[in-house]
Amino acid sequence: MPRYQPSRIEPKWQEWWESHETFATPRLPSPGGRKAYVLDMFPYPSGDGLHVGHPEGYTATDIVARFERMRGTCVMHPMGFDAFGLPAEEHAIRTGTPPRESTERNIATFRRQLKMLGFSYDWSREVATTDPAYVRWTQWIFLVLFDTWFDPEAQRGRPIAELPIPADVAAAGEPAVARFRDAHRLAYQSEAPVNWCPALGTVLANEEVIGGVSERGGHPVVRIPLRQWMLRITAYADRLDRELDDLAWPESIKKLQRDWIGRSTGAEVDFFLPPADAHADAFAAWKQARAAGGFPAAPGDDVLRVYTTRPDTLYGVTFMVLAPEHPLVDRLTRPEHRAAVSAYQEAAARKSDLDRTDLAREKTGVFTGASAIHPLTGRPVPIWIADYVLATYGTGGIMAVPAHDDRDFEFATTFGLEVVTVVEPADGAETAAGTLFTGRGRAVQSGPYTGLDTATFIARVATDLADAGQGRPAVNYKLRDWLFSRQRFWGEPFPILHELDAAGEPTGRVRPVEEASLPVPLPPLADFKPGDSPDPPLSRAGHDWLFVEREGVRYRRETNTMPQWAGSCWYYLRFLDPANTDRFLDPEVERAWMPVDLYVGGAEHAVLHLLYARFWHKVLFDRGHVSCREPFGRLVNQGMILGEMEFTGYRAATGGWISADRRSPADTPVRLPAEQVEKQGEHFVLRDMPTVRVESRAHKMSKSRGNVVNPDQVVRDFGADSLRLYEMFMGPLEATKPWSTSGVGGVRTFLERCWRLVVDERADALEPASQLCDDPPTDGQLRELHRMIDKVTRDIQALSFNTAIARMMEFVNFCTPLDRRPRAILEPFVTVLAPFAPHLAEELWEVLGRAAPVSLAQWPTVEERWLHDDTVEIPVQVQGKLRGRIVVPTDADPAAMQAAAVADPRIAELLAGKTVAKVVAVPGRLINFVLASPGTTS
RNA sequence: GCCGGAGUGGCGGAAUGGCAGACGCGGCGGACUCAAAAUCCGUUGCCCGCAAGGGCGUGUGGGUUCAAGUCCCACCUCCGGCACCA
């Protein structure tokens with residue numbers, strides 16, 4: 001009668017934990033005790049509900065949190081919702097439902113599903129980024145960014161009030177000072193060209209544009225100039241790079257971040273631009289002025305400044321290239337080239353990123369008719385414009401060295417420009433003139449530098465250029481400043497006011513909303529439809545929201561909103577002190593819990609979320625609001641869960657089967673049941689037609705493919721403990737792995753075996769199995785128990801849950817046949833099972849007559865003495881091939897092992913008449929007899 | 001193109017340079033049953049052999065080593081990311 005019934009026991013224990021506040025975390029960890037902050041990347045509550053991918057990471061952290069709790073650690077394990085997001089906004093536009101309504105509904109679904117899985121979150125700490133009490137502090141942090149400038153000397157952010165004002169700025173009066181400050185804030189406005197997506201009615205960040213179309217929806221994107229809020233993340237580029245060093249993150253993630261930051265070192269070099277009516281000695285005069293005055297901070301109009309990582313190739317410069325948007329292009333272009341240049345510029349502006357990057361890699365460009373003077377040789381160098389040079393990187397212009405840069409080489413080849421070799425491979429290999437060599441080596445045809453190796457050349461020419469005032473060492477980053485505003489109505493409003501003049505026009509002056517007035521609420525909107533201009537939807541809000549007065553001056557609110565990233569940049573801090581109305585986080589609480597000890601989430605956030613959150617954290621650190629430089633100590637990315645393995649055959653248009661390796665896009669895929677398929681050698685083929693190969697693979701879950709697994713359904717069919725356990729048993733946490741419904745059945749069977757180990761299934765009432773007894777356990781049972789505990793303990797710490805579960809299965813396999821099952825081994829087993837299958841463990845604990853909850857029971861201690869055997873079985877190899885086994889004392893030395901091995905009749909026979917050249921005996925592991933090869937004497 | 005990661009039975013996977021395939025799914029056999037399901041027990045890499053036993057096996061080809069899934073070199077395939085950053 002009392003079968004294992006998850007549908008009965010799971011809700012029961014979830015209610016028990018909730019009513020007993022089993023997982024409530026105190027404000028501060030107990031003094032002197034250990035703390036663990038175990039964090040999941042909180043989800044975006046989409047309308048589809050939880051996906052089976054979510055519980056993977058959540059179960060992993062839940063096991064760690066429960067395990068640590070049982071070991072007496074004070075555990076912080078919160079959950080919340082990253083609830084601003086485009087889908088709610090699109091839903092509002094489609095249906096007219098206010099986004100807050102649908103969002104709250106979705107959160108309720110997510111919360112129900114998460115609770116259904118028995119995660120041990122402290123739900124009293126739940127936060128949603130859309131909650132006005134949360135938005136208040138997101139806006140407050142924006143004001144911290146607005147109030148901060150980056151001091152490059154100190155390499156840290158400081159209050160804007162401490163920004164030194166140059167004398168000439170101060171002399172120009174208060175508006176100039178304000179402008180100077182605004183230009184140095186970490187949050188600033190910019191008129192830069194942005195990715196405007198007409199279909200979505202918004203501007204997108206570079207990283208939201210994939211191959212020229214929007215990441216969401218794949219709509220076309222065009223570049224237009226628009227006033228935007230930017231965050232000066234580039235100021236922190238160096239620290240974001242260097243301070244990765246000490247983090248316990250996967251090296252691959254660190255590398256991803258480093259590559260994204262893209263630090264490179266090289267030099268800036270000025271090429272003199274002679275005026276049209278220049279005297280022959282204009283260059284000499286310029287050189288003299290530079291030698292006296294040094295290298296200016298800003299290039300000025302008389303030079304073309306370029307950035308290069310290879311100043312050692314200066315003598316190989318045969319032309320220069322400017323981005324079409326480069327500010328000097330118009331002035332440089334000679335009248336006879338004006339038409340072509342303008343046409344090219346217009347075409348480039350119209351081109352989407354797709355056209356500029358993906359299609360036909362062929363280089364395009366036009367000649368401006370102008371030349372610059374090479375700083376070392378004094379020779380004129382023609383100036384071109386081409387869209388392979390980016391306006392937004394370096395100085396927007398390059399010195400082209402076609403012999404040693406593949407892009408320049410391609411351009412030179414296309415337009416028949418000169419190629420001059422100035423570097424040869426260091427190994428002296430011959431290079432034909434006019435060929436490409438991008439490696440490092442030795443300089444040739446390089447004036448006084450000829451013969452130098454690349455590194456020496458770079459160091460020396462940098463010094464020489466600096467002395468001559470013609471160049472300086474420079475560092476550049478691929479990382480761009482963070483485009484932080486969106487033209488959306490479902491996001492945090494900026495706490496910023498724009499001053500208006502008497503005519504109601506903006507004066508360009510802004511003021512922050514005072515802290516006491518936060519949060520700036522989202523205004524109610526009558527209509528959610530996007531406009532056809534890039535004007536933000538909030539500009540259509542009622543005037544009582546839009547216009548405010550301060551000290552007799554009228555202001556218009558900022559109508560952009562923050563991107564979804566904003567809320568997720570600091571939620572891990574708010575969890576620590578979620579109800580605080582006085583500050584965003586109590587410093588005492590922050591010092592006690594930070595940093596996060598374990599952070600688990602999807603690899604899709606490897607770059608952006610983690611980089612943005614680190615950036616905000618560093619600013620908060622610089623401004624004294626948090627105590628550590630880095631927020632996340634140990635980071636782990638869970639892998640993706642794919643759909644069930646599928647076999648796909650292909651039918652040709654004529655109707656016949658076509659082998660998967662010879663199919664064309666015109667053939668129709670047909671999903672095949674496993675029975676129609678068999679493996680033949682390397683490939684799967686049709687069982688009835690073995691010449692036809694069949695594709696076998698698992699695909700990403702997607703609605704269109706129809707292979708999405710719904711957690712509600714799995715819980716209904718198998719129970720939450722089975723879902724948890726299966727997701728952990730599938731394979732390594734970090735790996736991508738396919739779903740298998742029969743695999744879920746397998747772990748369900750295991751849980752039923754656990755149940756029967758303790759419960760008498762044939763009794764009428766819920767009572768212990770008849771085999772349960774109070775016998776003292778045998779040595780063999782204790783050995784089995786302690787080895788299991790030891791392995792599971794170590795595996796949880798290594799996040800190797802699949803092997804931990806395998807070991808528990810072995811333990812159950814060991815116990816099942818026992819006619820008498822000592823309580824003294826079953827009870828510790830139930831405690832070890834508890835973090836993995838908490839509902840079942842609680843129920844079994846109760847059946848065993850112990851006081852609930854097992855969730856807070858003590859984790860069993862491993863008794864070392866049961867981990868070691870007196871004797872050990874050791875393989876015996878002859879010539880590296882396994883030929884027998886011997887049993888020897890565990891501490892047997894090589895001589896004893898050898899004696900035991902030769903005493904084995906089979907081994908003795910194999911060695912008879914042979915010369916043993918060498919014996920390799922590894923105590924406790926193996927023994928190998930190496931024979932002298934025939935004809936060799938030893 | 002560049003940068004990661006991965007290739008092990010029919011499938012998911014396990015293995016500090018030391019007995020390849022733990023554990024699970026699936027398969028096969030048995031016990032229980034009138035029968036089936038459930039359960040319990042056994043078995044299950046491939047090939048030869050009645051057996052004892054032998055041979056071959058971790059994507060491919062080389063190498064280091066007494067010993068390689070594991071280390072080194074070259075290559076192939078799949079998955080993920082980046083993509084003119086001078």
Side-chain angles (χ1 to χ4, degrees), chain A residues 3 207 210-211 250-253 255-256 259-260 262-264 266 306-310 313 321 356-358 361 363 386-390 392-401 404-408 410-411 476-480 603-604 606-607 639-640 642 644-645 674 677-679 682 684 696-698 700 726 729-732 734-747 749-750 752-753 756 761 800 802-810 813 816-817 873-885 906 917-922 924-931:
Chain A
R3 301 269 299 270
E207 50 272 22
I210 312 288
E251 282 306 317
S252 59
I253 301 292
K255 188 168 186 313
L256 232 46
D259 289 351
W260 188 266
R263 185 178 199 271
S264 76
V306 299
Y307 170 72
T308 177
T309 55
R310 290 291 299 274
T313 59
V321 187
R356 260 175 102 141
T357 59
D358 247 23
R361 310 218 98 200
K363 295 277 185 286
D387 65 5
Y388 82 91
V389 173
L390 306 175
T392 47
Y393 181 79
T395 62
I398 60 157
M399 57 177 230
V401 186
H404 306 291
D405 180 283
D406 45 12
R407 297 150 302 184
D408 298 344
E410 208 182 308
F411 192 82
N476 257 297
Y477 302 92
K478 285 200 228 177
L479 185 70
R480 307 295 151 85
E604 66 273 20
V607 178
M640 205 189 335
L642 304 175
E644 197 120 8
M645 165 89 126
V677 159
E678 69 184 359
K679 186 143 189 181
E682 294 275 277
F684 281 88
S696 82
R697 99 183 170 91
K700 218 184 247 191
Y726 173 64
F729 188 59
M730 292 172 85
E734 294 94 330
T736 302
K737 38 209 179 273
W739 184 266
S740 152
T741 301
S742 59
V744 191
V747 294
T749 303
F750 164 68
E752 286 171 351
R753 285 163 66 86
R756 283 192 293 271
E761 215 174 27
S800 178
N802 54 332
T803 51
I805 294 165
R807 194 66 191 80
M808 288 192 282
M809 288 174 167
E810 288 184 77
N813 291 344
T816 296
E873 190 186 69
I874 280 183
V876 182
Q877 296 182 343
V878 177
Q879 293 290 67
K881 286 185 195 284
L882 180 68
R883 292 301 182 204
R885 294 167 214 281
R906 218 167 92 70
K918 185 176 174 185
V919 179
V920 181
V922 184
R925 304 293 327 192
L926 111 173
I927 181 162
N928 185 13
F929 292 91
V930 184
L931 304 180

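Chain naming here is simple, since letters A, B, ... match the order of the sequence lines and numbering starts at 1 in each. Source: prediction; values computed, not measured.
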Check your understanding: When all nucleic acid strands are considered with a 4.0 Å heavy-atom cut-off, which category describes A:T392: base, sugar-phosphate, or nothing?
Key -> nothing
Exercise for review: Whole angstrom is fine here: how far is it from CZ in A:R925 over to C1' in B:rG18?
Suggested key: 6 Å
Study note, to complete from the structure: B:rU65 -> Watson-Crick or G-U wobble partner, both distances under 3.5 Å, gives none
Exercise for review: Evaluate the side-chain proximity of A:R753 to A:N813: yes if any heavy-atom separation is below 4.5 Å, no if none is.
Suggested key: yes
Exercise for review: Please determine, for B:rA83, whether a Watson-Crick or G-U wobble partner exists with both distances under 3.5 Å, and give it or none.
Suggested key: none
Practice item. Looking at every strand, decide which applies to A:N802 at a 4.0 Å heavy-atom threshold: base, sugar-phosphate, or nothing. Key: sugar-phosphate
Review point. Atom NZ of A:K881 and atom P of B:rA68: how far apart are they, to the nearest Å?
Key: 10 Å
Check your understanding: Is the base of B:rG9 syn or anti, if syn means a glycosidic angle within 90° of 0?
Key -> syn
Exercise for review: Please list, chain by chain and in numerical order, all residues satisfying salt bridge (charged side-chain N to carboxylate O under 4.0 Å, His left out) with A:E678, sequence neighbours excluded.
Suggested key: A:R687
Revision key, fill the gap. Side-chain contact check for A:T803: nearest option of B:rG18, B:rA86, B:rA14 is B:rA14
Review point. Should B:rU77 form a Watson-Crick or G-U wobble pair with both distances under 3.5 Å, which nucleotide is its partner?
Key: B:rA6
Check your understanding: Would you call A:S740 and A:E644 a side-chain contact if the rule is heavy atoms closer than 4.5 Å?
Key -> yes
Check your understanding: When you measure from the side chain of A:K881 to the backbone N and O of A:Q879, does any donor-acceptor pair fall under 3.5 Å?
Key -> no
Check your understanding: How far apart are the C-alpha atoms of A:T392 and A:R480, what are their side-chain angles, what is the distance that settles it, and do they pass the side chain to side chain contact (heavy atoms under 4.5 Å, CB included) test?
Key -> CA-CA 8 Å; A:T392 47; A:R480 307 295 151 85; 2.7 Å; yes
Point to revise | Validation row: A:I398, A:D408 side chains within 4.5 angstrom (heavy atoms) | key: yes
Check your understanding: Reckon A:G746 touches a base, only the sugar-phosphate, or nothing at all at heavy-atom distances under 4.0 Å?
Key -> sugar-phosphate
**Study point:** Distance in angstrom units between A:F729 CZ and B:rC23 P, rounded
**Key:** 10 Å
Practice item. Determine, for A:Y388 and A:K363, whether the Lys NZ or Arg CZ falls below 6.0 Å from the six-membered ring centre while staying within 45 degrees of the axis. Key: yes
Study note, to complete from the structure: Of the listed B:rG10, B:rG18, B:rA86, the closest approach to the A:Q877 side chain comes from B:rG18
Review point. Should A:Y393 be listed as having a side-chain N or O under 4.0 Å from OP1 or OP2 of B:rA86?
Key: yes
Check your understanding: 5'-most contact on RNA chain B: A:P738 or A:F929, nearest heavy atom basis?
Key -> A:P738
Check your understanding: What's the closest nucleotide to the A:K918 side chain, out of B:rC79, B:rG18, B:rC66?
Key -> B:rC66
**Study point:** Residue whose nearest RNA chain B nucleotide is more 5′ - A:N928 or A:Y307
**Key:** A:N928
Check your understanding: What is the distance from CG of A:D259 to P of B:rA83, rounded to the nearest Å?
Key -> 11 Å
Exercise for review: Produce a footprint string for nucleotides 37-51 of chain B: one letter per nucleotide, 5' end first; B if the base is under 4.0 Å from any protein heavy atom, S if only the sugar-phosphate is, - if neither.
Suggested key: --SSS----------
Exercise for review: Rounded off to whole Å, could you give me the CG-to-C1' distance for the A:L882 and B:rG55 pair?
Suggested key: 14 Å
Point to revise | B:rA31: pairing nucleotide in any strand, Watson-Crick or G-U under 3.5 angstrom | key: B:rU39
Review point. How many Å lie between CZ on A:F411 and P on B:rC84, as a whole number?
Key: 16 Å
Check your understanding: Using a cut-off of 4.0 Å on non-hydrogen atoms, how would the nucleic acid contact of A:S740 be classed: base, sugar-phosphate, or nothing?
Key -> nothing
Practice item. Return no unless some side-chain N or O of A:S264 is found under 4.0 Å from OP1 or OP2 of B:rA86. Key: yes
**Study point:** Closest to the A:E810 side chain, choosing from B:rA22, B:rG18, B:rC84
**Key:** B:rA22
Point to revise | Whole-Å distance separating the CD atom of A:Q879 from the P atom of B:rG54 | key: 15 Å
**Study point:** Distance, rounded to the nearest Å, where A:M730 contributes CE and B:rC23 contributes C1'
**Key:** 15 Å
Exercise for review: Once you apply the 3.5 Å cut-off to both distances, tell me the Watson-Crick or G-U wobble partner of B:rA52, or none.
Suggested key: none
Review point. OP1 or OP2 of B:rA14 sitting under 4.0 Å from any side-chain N/O of A:R807?
Key: no
Exercise for review: Would you check, one step at a time, whether the test side chain to side chain contact (heavy atoms under 4.5 Å, CB included) holds for A:R883 with A:F929?
Suggested key: CA-CA 10 Å; A:R883 292 301 182 204; A:F929 292 91; over 6 Å; no
Review point. Does any donor-acceptor pair link the side chain of A:K255 with the base of B:rC3 at a separation under 3.5 Å?
Key: no
Check your understanding: Does any non-hydrogen side-chain atom of A:M809 lie less than 4.5 Å from one of A:V747?
Key -> yes
